[in-house]
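Presented below is the structure to which this report refers.
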Amino acid sequence: MRFGPASALSSLTGLTGGAARALRRTTRRARRGARRSAIAAPLDTGGFLGASLTAWISTSPSLLPRTWWMWAVNIGLSEVYGYAAGALAGRAVRRAGAAIGLEVDIAPDHRRRARWAGACALVGITAYSWVRGVMRQREISHLVHQEPKNLATHLVGTAAGAGFSLAALVAARSTVATAHFYRSLLRPYLPARVVGAASLLLTAATVAVAVDRLIRGRVLEGMIERADAANRLISPDVPRPTSALRSGGPGSLETWQSLGAPGRKIVSAGAEAATISRTVGREAAEPIRVYAAKSGSRTLEDTVDAVIAELDRTGAWDREVLVLFTGTGTGWLQEWSLSAIEFLTAGNCATASLQYSYFPSPLTYLADRRSPQRAGALLVQGVRRRMAQLPPERRPRLYVAGESLGAFGGTAAFRDLPELLRTVDGAVWTGTPSFTPLWEQLTSRARPGSPAVAPIIDDGRHVRVVTRPRDLDRNYWGGLYVPWESPRVVFAQHPSDPVVLFDPSLLWREPAWLQERVGHDVTPAMRWFPWITFWQIASDMPLSIAAPGGHGHSYREEMVPIWAAVLGQDVPEEQRPAQRRRHREIIAAIREINPGA
């Protein structure tokens with residue numbers, strides 16, 4: 001029998017159609033099985049109890065008062081952790097019971113009573129922990145001198161946290177359902193030993209693509225676009241300086257547009273000579289503020305050269321004091337620190353900095369943590385090389401400073417404390433992150449028994465850790481330091497600053513500062529819990545800079561006495577009241593010229 005082309009094509013089409021129908025039937029069965037086995041499954045008992053327990057703990061206090069989204073983050077992530085841990089623990093208990101032949105059976109009437117008793121206990125404990133958490137939030141608000149949040153904040157945050165944990169559970173079960181789907185789909189075509197590995201790889205690839213589309217494709221790119229737009233924005237509320245002693249002003253080598261939004265704010269702010277003179281009661285000079293920004297067309301080395309060129313142009317080498325600032329990720333500098341220097345020196349000073357990135361500090365640290373360190377090191381090295389070319393009598397006293405990521409980057413210019421003391425005349429580091437190498441070196445040699453929030457280093461001979469202005473003269477316990485020698489270095493950090501205290505080890509280890517519970521603006525009711533405390537401190541960080549001055553990551557009025565001490569403006573004991581009065585007048589003047597500070 002012979003077959004023509006038409007009948008062969010018809011047979012091939014029939015075979016292909018049959019295979020496609022079989023594949024569709026298999027796919028439909030796999031999908032239905034996946035949904036039944038994963039997404040629609042009831043809550044695991046152990047997971048539910050674990051989530052309840054961690055939710056109760058998550059309402060415990062941390063460093064700062066919580067907004068609604070901080071409540072949501074704490075409750076949501078804690079419940080996710082608790083559910084996973086509880087489910088694993090329940091499975092381990094069941095397997096152990098089966099291995100030893102242990103079986104527990106409860107009579108139906110007793111089971112009903114046990115369920116009601118358990119439900120009442122859950123509701124009661126949940127209500128108690130929530131109310132206790134709200135009261136603790138009020139206590140924290142009073143400690144940091146902040147208005148307590150209203151009840152709606154706590155209610156909305158709790159509901160959002162529960163919603164977040166449910167969404168996370170659905171996402172986890174969807175991942176399991178995807179794995180079941182791939183396993184059912186591949187089982188008819190692959191050997192049993194290969195199916196598990198293949199389905200795992202396919203599931204991992206699916207999750208990776210979804211996360212990449214969501215996190216990198218939307219979140220990160222959106223953050224970068226917003227940061228770029230904010231950096232390019234020229235606000236009408238930020239006037240271009242009219243002084244030739246400011247970058248971006250008349251005769252400047254840096255254009256107004258090139259400075260970036262933070263740079264434009266920095267050179268536009270600050271007091272004029274007349275205001276400084278009126279406040280300090282003596283003739284004042286016009287302060288110099290120099291700034292340059294890295295761009296796509298110039299490197300960090302080029303940017304440092306631009307800063308030095310601006311220092312040359314403005315005659316900064318003839319000033320008494322020159323302070324090099326390393327900024328945060330966006331290039332931001334703390335105006336309180338800048339203005340304090342200018343008032344305390346009667347304007348006989350110059351400040352200089354550069355922008356190495358326009359990303360927010362968390363994104364800069366995650367994506368490019370080398371840039372702040374290189375910026376801090378290159379700026380100090382470049383300025384010192386230029387100063388070495390000047391006659392000794394023309395060289396200003398050189399100081400360095402930085403806040404937050406700026407402190408992390410600025411300290412990178414020095415291998416250790418001896419090099420810092422040999423290189424500059426003083427330094428002020430505020431809100432220094434715990435992972436800063438120089439800070440880690442110093443705390444490793446702190447006096448045994450000194451508090452973790454304010455370690456005593458070499459009896460305060462050169463370095464003093466200041467949680468409030470009174471720590472300039474005495475240590476945290478009230479004991480006397482040895483006489484303060486120059487160069488002087490201050491690490492300013494509040495006990496309630498989460499940026500200073502945050503560390504990945506919070507996930508698994510209780511930190512010394514929590515064991516001691518000595519922070520004057522931290523509730524003694526705070527406790528450490530694995531995983532939970534890590535996220536509590538992490539959620540405290542974003543808004544910590546908005547805390548009232550003297551708390552959280554907000555360093556304001558205390559910068560005046562701190563810089564006075566580092567600059568060596570000591571007075572005899574009988575003149576201290578008059579000095580404090582002058583400092584209060586400077587603080588009032590800074591507030592007047594910077595209402596938002």
Would you say that more than 12 heavy atoms from the other residues, nucleotides or ligands in this model lie under 6.0 Å from the OH of Tyr481, or not? yes
No-hydrogen, no-angle side-chain donor-acceptor test under 3.5 Å, Trp130 and Thr158: yes
Might you point out which heavy atoms bring Ala162 and Ile75 nearest each other, and give the distance in Å? N-CG2, 4.3 Å
Counting N and O atoms only, with roles assigned by atom type, does the side chain of Trp439 sit under 3.5 Å from a partner on the main chain of Phe408, one being a donor and the other an acceptor? no
Report, as yes or no, whether the 6.0 Å neighbourhood of atom OH on Tyr128 holds more than 12 heavy atoms from other residues, nucleotides or ligands. no
To the closest 0.5 Å, what do you measure between OG1 (Thr203) and OH (Tyr182)? 6.5 Å
Do side-chain atoms of Tyr555 reach the backbone of Gln334 as a donor and acceptor pair under 3.5 angstrom? no
For the residue pair Trp477 and Gly449, what are the closest heavy atoms and their distance? NE1-O, 3.6 Å
Side chain to side chain contact (heavy atoms under 4.5 Å, CB included), that's the test. Do Leu543 and Trp69 meet it? Break it down for me. CA-CA 11 Å; Leu543 295 182; Trp69 65 262; 3.9 Å; yes
Distance from Thr328 atom OG1 to Gln355 atom CD, nearest 0.5 Å? 9.0 Å
Would you find a donor on one side and an acceptor on the other, under 3.5 Å apart, between the side chain of Arg415 and the backbone of Ala412? no
Hey, could you give me the CG/CD distance between Leu151 and Gln137, rounded to the nearest 0.5 Å? 12.5 Å
Ser184 side chain to Phe181 main-chain N or O, any donor-acceptor pair under 3.5 Å? no
Can a donor-acceptor pair be found between the side chains of Thr330 and Trp332 at a distance below 3.5 Å? no
Between Thr175 and Val207, what is the shortest heavy-atom contact and its length? CG2-CG2, 3.8 Å
Report the distance from atom OG of Ser62 to atom CE of Met526, rounding to the nearest 0.5 Å. 5.5 Å
If you define the side chain from C-beta out and look only at heavy atoms, does anything of Ser129 sit under 4.5 Å from Arg132? yes
Atom CZ of Arg470: over 12 foreign heavy atoms under 6.0 Å: no
Testing the 3.5 Å rule here: is there a donor-acceptor pair between the side chains of Ser78 and Gln536? no
Side-chain heavy-atom pair Phe502, Pro433 within 4.5 angstrom cut-off: no
What is the minimum heavy-atom distance between Gly549 and Ser554, and which atoms define it? CA-OG, 3.6 Å
Determine, step by step, whether Val194 and Tyr189 satisfy the side chain to side chain contact (heavy atoms under 4.5 Å, CB included) criterion, reporting the C-alpha distance in whole Å, the side-chain angles of both residues, the deciding distance to 0.1 Å, and the verdict. CA-CA 10 Å; Val194 180; Tyr189 310 103; over 6 Å; no
So do Ile537 and Thr533 actually touch side chain to side chain, heavy atoms under 4.5 Å? yes
Do you know the tightest heavy-atom contact between Ile457 and Val465? CD1-CG2, 4.2 Å
Phe491/Leu442 under side chain to side chain contact (heavy atoms under 4.5 Å, CB included): CA gap, chis, key distance, verdict: CA-CA 11 Å; Phe491 282 86; Leu442 293 175; 3.4 Å; yes
Can a salt bridge be assigned to the pair Arg447 and Asp459 using a cut-off of 4.0 Å between side-chain N and carboxylate O? yes
Please confirm whether the backbone N or O of Gly460 pairs with a side-chain atom of Arg464, one donor and one acceptor, at under 3.5 Å? yes
Stepwise, does the side chain to side chain contact (heavy atoms under 4.5 Å, CB included) test hold for Ser60 with Arg527? CA-CA 8 Å; Ser60 62; Arg527 297 291 186 274; over 6 Å; no
I'd like to check Val522 versus Leu63 (side-chain heavy atoms, cut-off strictly below 4.5 Å). Are they in contact? yes
Could you check whether any side-chain N or O of Arg517 sits under 3.5 Å from a backbone N or O of Leu514, counting only pairs where one atom can act as donor and the other as acceptor? yes
From Thr443 OG1 over to Gln441 CD, what is the distance, rounded to the nearest 0.5 angstrom? 9.0 Å
Looking at Thr326 and Gly402, would you say the former's side chain and the latter's main chain have a donor-acceptor pair under 3.5 Å? no
Whether Asp458 side chain and Arg461 backbone form a donor-acceptor pair below 3.5 Å: no
Please tell me if the side chains of Asn74 and Arg66 come closer than 4.5 Å, counting only heavy atoms from C-beta onward. yes
Value for CD (Glu510) from CZ (Phe529), rounded to nearest 0.5 Å, stands at 9.5 Å
Give me the one residue out of His145, Gln146, His494 that meets side chain to side chain donor-acceptor pair (under 3.5 Å) with His551. His145
Decide yes or no for Pro511 and Leu501: does some side-chain heavy atom of the first lie under 4.5 Å from some side-chain heavy atom of the second? no
Side-chain donor/acceptor of Asp497 to backbone N/O of Gln493, under 3.5 Å: no
Residue pair Tyr356 / Leu300, side-chain heavy-atom distance below 4.5 Å: yes
Do the non-hydrogen side-chain atoms of Trp528 and Pro530 ever get within less than 4.5 Å of each other? yes
Minimum heavy-atom distance Asp503-Ser434, with the two atoms named: OD2-OG, 3.5 Å
